[in-house]
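Below: the structure, in structure tokens.
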Amino acid sequence: MWIAISALNLALAVILGAFGAHGLKARASAEQLTWWHTATEYFFYHALGLLALGILAKVIPQLPIKSSFICIQFGILIFCGSLYIMALGSLRIFGAITPIGGALMIIGWLLLAWNAYKYSK
């Protein structure tokens, strides 16, 4: 299940990246394109991270990854989603929730570090 969700994230990141590069370029301001690019970049990085978590779950099934995976997934939705929404011309107030998504991604990686440390003992 984890790998399938990761693959869907990666497919969506490619689709949204292509849309930003080809469909949005003529309609968006430089600032909006920067938001789109940042969202897509972080989407790819963290979707690849989710894929790594899915592989880790297969290789080391004793290593708990669920909490990390969920935090990172919600972080992607909130961080990238808010930037995508603003890039499409929505209110800039959505920028207020962007850091919440970033914090969730950080928490997800820190949870992985903690769980990996506990597993190694």
Side-chain angles (χ1 to χ4, degrees):
M1 175 177 82
W2 305 117
I3 294 175
I5 293 169
S6 303
L8 291 172
N9 274 285
L10 286 163
L12 187 55
V14 172
I15 292 166
L16 291 171
F19 175 73
H22 303 292
L24 197 59
K25 210 170 206 170
R27 298 186 176 125
S29 69
E31 184 178 43
Q32 288 171 306
L33 289 174
T34 299
W35 291 334
W36 194 274
H37 177 75
T38 299
T40 302
E41 200 172 345
Y42 275 76
F43 197 170
F44 269 114
Y45 295 151
H46 287 84
L48 287 170
L50 291 178
L51 180 61
L53 286 177
I55 293 167
L56 273 174
K58 295 285 185 190
V59 175
I60 311 170
Q62 304 86 354
L63 181 65
I65 64 135
K66 184 177 182 179
S67 58
S68 292
F69 198 98
I70 290 169
C71 284
I72 294 166
Q73 182 64 72
F74 277 107
I76 289 170
L77 290 171
I78 295 169
F79 181 87
C80 300
S82 63
L83 290 175
Y84 285 136
I85 288 168
M86 289 190 325
L88 290 172
S90 188
L91 299 174
R92 291 179 76 148
I93 191 72
F94 283 102
I97 66 167
T98 306
I100 296 168
L104 283 169
M105 290 187 279
I106 293 166
I107 289 166
W109 293 118
L110 291 174
L111 283 169
L112 176 63
W114 175 251
N115 286 324
Y117 173 75
K118 286 191 324 186
Y119 173 76
S120 69
K121 287 188 138 195

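Keep in mind that the numbers below use all heavy atoms, side chains included, and drop hydrogens, waters and symmetry copies.
The side-chain heavy atoms of Leu112 and Leu63, taken from C-beta on, include a pair separated by under 4.5 Å. With a 4.5 Å cut-off on side-chain heavy atoms, Trp36 and Lys25 do not count as touching. With contacts defined as side-chain heavy-atom distances shorter than 4.5 Å, the pair Asn115/Ile65 does not qualify. Counting heavy atoms from C-beta on, the side chains of Phe79 and Leu104 never come closer than 4.5 Å. A 4.5 Å side-chain heavy-atom check between Phe44 and Val14 finds at least one atom pair inside the cut-off.
Pairs passing the salt bridge (charged side-chain N to carboxylate O under 4.0 Å, His left out) check and including a residue from residues 2-12, sequence neighbours excluded, do not occur. Note on residues 53-76: pairs passing side-chain hydrogen bond (donor to acceptor under 3.5 Å, both in side chains), not counting sequence neighbours, are Asn9-Gln73.
Heavy-atom neighbours of Tyr84 OH from other residues, nucleotides or ligands within 6.0 Å: above the threshold of 12.
Trp114 shares a hydrophobic cluster with Tyr117; the chain of contacts runs through ILVMFWY side chains whose heavy atoms sit under 4.5 Å apart. Taking Ile, Leu, Val, Met, Phe, Trp and Tyr as hydrophobic and joining them when side-chain heavy atoms fall under 4.5 Å apart, one finds Leu111 in a cluster with Ile107.
Evaluation of the salt bridge (Lys or Arg N to Asp or Glu O under 4.0 Å) rule for Glu41 yields no partner, not counting sequence neighbours. With sequence neighbours left out, Ser82 forms a side chain to side chain donor-acceptor pair (under 3.5 Å) with Thr98.
In this structure, the separation between CG on Leu53 and NE2 on His46 is 10.5 Å, given to the nearest 0.5 Å. Rounded to the nearest 0.5 angstrom, Tyr45 OH and Leu48 CG are separated by 10.0 Å.
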